[in-house]
Amino acid sequence: MTDNPYLAHLPPSQRGAGLSSSEPLFGFLPRKVNGEQVRKAMGHDLNPFTKRPHSAEYKKILEVRKGLPVYAQMNEFLEMFTKHQILIVVGETGSGKSTQIPQFVAYSDMPHIKGKLVACTQPRRVATMSVAQRVADEMDVQLGKEVGYSYRFEDMTTGSGEGKTFLEYMTDGVLLREAMNDTDLSRYSTIILDEAHERTIATDILMGLLKSLAKRRTDLKIIVMSATLDAVKIQAYFSAHGTGKTPFPAPLFKVPGRTHPVEVFYTQEPQPDYVEAAIRTVLMIHRGEDPGDILLFLTGEEEIEEACLKIKSDDFLNTDPSRVGPLVCVPLYSSLPPQQQQRIFDAAPNPTTEGGPPGRKVVVSTNIAETSLTIDGIVYVVDPGFSKQKFYNPRIRVESLLVSPISKASAQQRAGRAGRTRPGKCFRLYTKKDFISDLEEQTHPEILMSNLANTVLELVKLGVKDLVHFDFLDAPAPETLMRALELLNYLAALNDDGELTPLGEVMAEFPLNPQLAKMIIVSPEFKVSNEVLTVVSMLSVPTIWLRPPSERAAADQAKALLTVPEGDHLTMLNVFNTYHRNKSDRDWARNNFLSARALAQAENIRAQLLRTMERYEVELISMEDERKRNNGIRQALVCGFFMQVAHKEGEKGNYLTVKDNQVVALHPSCGLDAQSQWVLFNEFILTKRPYIRTVTEVKPEWLLEYAPLYYDIASFPNGETKKALQRLVTSKHSGKGTRPRRKSKKN
DNA sequence: GAGCACTGC
């Protein structure tokens, strides 16, 4: 007899390797599987999912897994999972919840029999892939077969036949997209939302959808996994108006973490200059603490480069090498090329002299090291308590980044980075009193800090009729929702009753902001969809322009050669086309101070958008005449961005945004000369002063023609802009009369 | 004449 409960029903001859795959192996099993049975199956010679013998590597990994605290809780977990439809799992990093819980579910839920899948979402791509890889190894299957993953541009799953995927890791955005076309998420038997405490917009929307879906699909199991502080709130959210069969519709399942203790220190006094205080602290650690690398959190590129320079040039480091070990400073932020990002994994430098004091590495990083990147060997964390955070002001429709104090949860996460390999220390550059009384408990969820135009379009597409009463875990400000609805209505994606129009249906299918989607969809009318597709792709990637501090003049010169006078959008098109023509020259991008990475990304996005265009029969066309073509592109731009237009006021070169009357200046990166009367902009950024960036000149007639509702003159506040529009209308009307009359008026 | 925390479709 076999001791594998998954195989016990089979005659001995069929328990070996090489079984026919059509055999329904587990069809007899009760839905309820207990920990004992799962443990037996895991320990058996045969893999219950592939029916092949387990490898030696599998057995080694299994021994390691048995050491995880969560492994010891398998019985308890499976009992709860069987009994409840919705479960909240609480666990700190290092608890193994992301790898183990989905596996327990796979053994218990038998998705491979039911023909359904277990989904596990992650907020980031890298984690999606690496967790899936780890779980495939642990389950002794090939990644992309029984265990797979997917995110934008990458689908490592098997849809049918041998090795069909039954456990799929995916980014939260992918699952949300899928929900837009199948609101019941019918492919899945269990959906696990991991890292819910990060509160991405996609995870927040998914929580709302799943909460209501649970009532329609009583067979669907839902697990929400989160770090400690948020879990109770999430539990209360799912428990209220729950499915109601038990007094605790969404119980908490706690998983202990397994990190080393981190000792936290505070300053005695508040620090007026946190960069300077941070540098002092780094040097103090280097002087007085045991070996071990340092992680310093600052807010942005400029600050980080400045701090690195100051640390490197500190007198103390350049004194006696027999007393002070070498200190290597490694900057880390997202816009660094991957090759330079890799430097954070380099070992600390060796002592300068043999037997001399040991070297040390200090990583100076943005928030990217708080969650996205994990650096082993960090023993000391220096936390000044700030990060750049996004704010959205619905009144002027502007998103901006502001240096702001972090939350307690974020401070805790930062400190935890010191205890990954051994006990560590965290130096907080603020007082304990300030920590307790000034820092907020949690970082604000993204949904409260963003422009929601895109999200609202998605929600409407998901069938949410009444946005104001949608069951958000945290509801956005009504004004933010109003602004989004207003924009979508002006774009004709929603009718006056807030319902999706046929145009809106197609817009929602594009993975783009509504303005960009609209541009693409209208572009065939101007016979420029081939070009608009390129412009939109270029607008969807981080900046393509490189400007190394030592080569600014050369970079500006290279840029000037590619600049098109009518505007930055056409310049982007020119860059992409020139890049394409020089595809055979590997060094072309670098020689022209352009980011090869961003250009390749734009190509990738272009190909994906082209597929969406084909699916919805948006024709791909172009025209020969360059002047007409450029006008067509600018007209298509107006159709999407007519609400982001500014008018020149007076001779000082300032612009006023239409209707909102915000004073703005052309960003210095702008290739347009300051003579243009009417300009359309992609971005309003608020730094030392308000700028508009990525700007193109437009003709006011186009505004009146393609956005008559928005450019209804009566709706404009009194001012220069209104007068200019009135003049235009008058001259247009008089233009229909005879020439002499117009002439006489002028004279 | 100056800046881009981080994700995601």
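Letters A, B, ... mirror the listed sequences (proteins, then strands); counts begin at 1.
When distances are taken from the side chain of Ser372(A) to each of dG3(B), dC4(B), dC6(B), the shortest belongs to dC6(B). Checking dC9(B), dT7(B), dG3(B) against every side-chain atom of Thr171(A), the shortest atom distance belongs to dC9(B). The side chain of Lys388(A) has dC4(B) as its nearest neighbour among dC4(B), dC6(B), dA2(B). In the set dC9(B), dG1(B), dA5(B), dA5(B) carries the atom at the smallest distance from any side-chain atom of Lys390(A). Among the nucleotides dA2(B), dC4(B), dC9(B), the one closest to the side chain of Glu301(A) is dC4(B). When distances are taken from the side chain of Tyr691(A) to each of dG3(B), dG8(B), dC4(B), the shortest belongs to dG3(B). In the set dC4(B), dG1(B), dG8(B), dG1(B) carries the atom at the smallest distance from any side-chain atom of Arg547(A). When distances are taken from the side chain of Arg693(A) to each of dC6(B), dC9(B), dC4(B), the shortest belongs to dC4(B). For Pro668(A), the listed nucleotide lying nearest its side chain is dG1(B); candidates were dT7(B), dC9(B), dG1(B).
Between Leu452(A) atom CG and dG8(B) atom C1' the separation is 14 Å, expressed in whole Å. Taking atom CG on Asp172(A) and atom P on dG8(B), their separation rounds to 9 Å, with Å as the unit. Rounded to a whole Å, the CG atom of Asn604(A) is 14 Å from the P atom of dG8(B). The CD atom of Gln341(A) sits 13 Å away from the C1' atom of dA5(B) (whole-angstrom rounding). The distance between atom CH2 of Trp545(A) and atom P of dG1(B), rounded to the nearest whole Å, is 21 Å. For the pair Asp194(A) CG and dG8(B) C1', the interatomic distance rounds to 16 Å; values are reported in whole Å. Going from atom CG of Asn513(A) over to atom C1' of dT7(B) covers 14 Å, rounded to whole Å. Distance Asp155(A) CG to dC9(B) P: 12 Å, rounded to the nearest Å.
When heavy atoms are screened at a 4.0 angstrom cut-off, Val174(A) is found touching the sugar-phosphate backbone but no base atom. When heavy atoms are screened at a 4.0 angstrom cut-off, Ile368(A) is found touching the sugar-phosphate backbone but no base atom. Within 4.0 Å (heavy atoms only), Arg124(A) reaches sugar-phosphate atoms of the nucleic acid but no base atom.
Using a 4.0 Å cut-off between charged nitrogen and carboxylate oxygen, Glu195(A) and Arg124(A) do not count as a salt-bridge pair.
The aromatic rings of Tyr430(A) and Phe435(A) lie parallel to each other, with less than 30° between the two planes, well short of the 60° mark.
Taking only side-chain nitrogens and oxygens, Thr371(A) never comes nearer than 4.0 Å to OP1 or OP2 of dC6(B). At dC6(B), one or more side-chain N or O atoms of Ser334(A) fall inside 4.0 Å of OP1 or OP2 (strictly under the cut-off).
Between the side chains of Ser450(A) and Lys390(A), at least one donor N or O sits under 3.5 Å from an acceptor N or O. If you check the side chains of Ser226(A) and Asp230(A), you find no donor sitting under 3.5 Å from an acceptor. Side-chain polar atoms of Arg397(A) and Gln644(A) form no donor-acceptor pair below 3.5 angstrom.
Between Thr480(A) atom OG1 and Leu452(A) atom CG the span is 6.0 Å, to the nearest 0.5 Å.
Projected onto DNA chain B by closest heavy-atom contact, Thr299(A) and Arg689(A) fall at different nucleotides, the more 5' of which corresponds to Arg689(A).
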